[in-house]
Protein chains: 2
Amino acid sequence: MDKREQLVEQAFRLFYRQGVYAVGINKVLDESGIAKKTLYNHFASKEALVAATVSYRDSLFRQWLFGRMDAVAAGKPALMEAFMALDDWFNGRVAVMPEFHGCYFINVSAEFSDLKHPIHQQCAEHKQAILEKIREQVVLAGGDESVANHVALLKEGAIVQAYVGGDLQSALKARRLLDQLL
Amino acid sequence: MDKREQLVEQAFRLFYRQGVYAVGINKVLDESGIAKKTLYNHFASKEALVAATVSYRDSLFRQWLFGRMDAVAAGKPALMEAFMALDDWFNGRVAVMPEFHGCYFINVSAEFSDLKHPIHQQCAEHKQAILEKIREQVVLAGGDESVANHVALLKEGAIVQAYVGGDLQSALKARRLLDQLL
DNA sequence: CTTAAAGTAGACAGAGTGGTCTACCTCTGT
DNA sequence: ACAGAGGTAGACCACTCTGTCTACTTTAAG
């Protein structure tokens, strides 16, 4: 019954599926059955709501991905598992993240294109956090600094190829390269 | 004095910098100093204009990238040169493509998120064309099918890391990995 | 039971949207 | 010289957008 939470989740669903600009505040309201006054009671503006959806997704995504990685042995197995997780995501096998529509952070960055915009910054921080986790595991796997960057590169590449190019096998392809790499 | 061309170029500039939804038709008209009637004389709708900007960028991008690749020896050198070209692009050293704001095709795909949408399809076709060129060079370099996919993965990853993460060295990092790969 | 906070429904304002249309102007080829 | 294509300026239409506000209702705590 937490209205704020309901709003964020519904807004995220719509923004992720159709884009931020394409979805009006009224649609979010209609779909969630919440009054406009309530929304503006919790958020100063649509932009504040967007920021909240980014935080929400960041938390959800990290919890999911890191959870998968931590469920196996640290180091190379964790990294390999991360790409298995991506493959599950692309192909709709992740319950908490059904319907793959690309990376929310990339999509949102495209709409808030100014690098200095707080929302773009939030997206950059998300990527940074993921990179940090990768780096940690790469070190445990005996790789050096630059390898961590390469792994991150593969992750972004796989997401883009799956979404823009429609190649749902891209995570597995990236994983094969990762296997050689480590 | 070709009004259509002027419209497409100006529209591209604005859409690329600020996003398609964020830029109204009137802004395109104001900036280009062209009358609304003229626009609708050439294009049936805003969407048709967007489609034209995608074609325009596709042609420009391919001409530029393939030009750079063809200027050196075929095979591995061409692929290495492609990533040098990306580095130049990210860092604003390409005259025909000043101001790096990520990949137009990724950005537009995010706004026209339905995979079946003709504009999304156009973006997918662009990626496909690039992949084809990469494949051709990979074969000449003695690599197999899967390597071409890996190279494309690196390219997309580099663009995303440069744009969303703000890492302007990402092309060079990808290039280092490519060097090992071939 | 009372009171105060939080929610609801929805009218409304002001700006902006894509797109149409009229009326006029300026080239260019014959 | 003149017809016709293609340009310009901008009013206008119907609609949508974010955000505000009023008036009423529900909920929960002391």
Side-chain angles (χ1 to χ4, degrees), chain A residues 1-56 104 107-114 117-120 122, chain B residues 1-56 104 107-114 117-120 122:
Chain A
M1 274 300 152
D2 183 338
K3 299 290 172 183
R4 192 195 137 100
E5 202 175 333
Q6 281 178 24
L7 278 168
V8 171
E9 285 177 21
Q10 188 62 60
F12 165 74
R13 230 162 289 159
L14 293 167
F15 292 163
Y16 181 48
R17 239 177 288 195
Q18 301 173 236
V20 172
Y21 276 96
V23 173
I25 223 70
N26 293 310
K27 195 167 216 165
V28 176
L29 264 14
D30 286 353
E31 296 277 318
S32 59
I34 289 175
K36 198 177 259 196
K37 189 77 195 288
T38 304
L39 190 160
Y40 283 98
N41 216 24
H42 286 292
F43 302 99
S45 64
K46 182 184 182 180
E47 206 171 287
L49 176 61
V50 175
T53 64
V54 173
S55 286
Y56 164 74
Y104 189 52
N107 297 356
V108 168
S109 287
E111 299 203 67
F112 295 82
S113 54
D114 184 0
H117 194 294
I119 291 184
H120 196 117
Q122 260 184 289
Chain B
M1 272 299 155
D2 183 340
K3 300 290 173 181
R4 193 195 137 100
E5 201 175 334
Q6 282 178 29
L7 278 168
V8 172
E9 284 177 20
Q10 187 62 60
F12 165 74
R13 229 162 289 156
L14 292 168
F15 292 163
Y16 181 48
R17 235 177 291 195
Q18 299 172 239
V20 172
Y21 276 95
V23 173
I25 224 69
N26 293 310
K27 194 169 217 164
V28 175
L29 264 13
D30 286 353
E31 297 277 320
S32 61
I34 289 175
K36 199 177 259 195
K37 188 77 195 289
T38 304
L39 190 159
Y40 283 98
N41 217 22
H42 287 291
F43 302 98
S45 63
K46 182 184 181 180
E47 206 170 286
L49 177 60
V50 175
T53 64
V54 173
S55 287
Y56 164 75
Y104 189 52
N107 297 356
V108 168
S109 287
E111 298 203 67
F112 295 83
S113 54
D114 184 0
H117 194 294
I119 291 183
H120 195 117
Q122 259 185 289

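This is a predicted model, so every value here is computed, not measured. So that the names make sense, note that chain A is the first sequence line, chain B the second, and so on, each numbered from 1.
Separation of atoms CG (A:N41) and CD1 (A:I34) is listed at 11.5 Å; rounding is to 0.5 Å.
When each of B:F15, B:F12, B:Y16 is checked for a ring pair (Phe, Tyr, Trp, His ring centres under 6.0 Å) with B:Y56, only B:F12 meets the rule.
Using a 4.5 Å cut-off on side-chain heavy atoms (C-beta onward), A:H42 and A:V8 make no contact. Side-chain contact between B:L39 and B:K46 is absent, with no heavy-atom pair separated by less than 4.5 Å. When side chains are defined from C-beta on, B:V20 does not count as touching B:I119, because their heavy atoms never get closer than 4.5 Å.
Listed pair A:T38 / C:dA6 fails the phosphate criterion, with no side-chain N or O lying under 4.0 Å from OP1 or OP2. Phosphate contact (OP1/OP2 of C:dG7, side-chain N/O of A:H42, threshold under 4.0 Å): present.
Counting to the nearest Å, the C1' atom of D:dT20 and the CG atom of A:L29 are 13 Å from each other. Following rounding to the nearest Å, A:D2 (CG) and D:dT27 (C1') show an atom-to-atom distance of 15 Å. When the C1' atom of D:dT22 is taken as reference, atom CG of A:N41 falls 15 Å away, rounded to whole Å. One interatomic measurement links the two molecules: CG of A:L7 to P of C:dA6, which rounds to 15 Å at whole-angstrom precision. The interatomic distance linking A:D30 (CG) with D:dC17 (C1') rounds to 14 Å, in whole Å.
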Starting at the 5' end of nucleotides 13-29 of chain C, put B wherever the base has a protein heavy atom under 4.0 Å, S where only the sugar-phosphate does, and a dash everywhere else. ----SSBBBB-------
Could you walk me through whether A:S55 and A:Q122 satisfy the side chain to side chain contact (heavy atoms under 4.5 Å, CB included) test, starting with their C-alpha distance in whole Å, then the side-chain angles of each, then the deciding distance to 0.1 Å, before giving a yes or no? CA-CA 8 Å; A:S55 286; A:Q122 260 184 289; 3.1 Å; yes
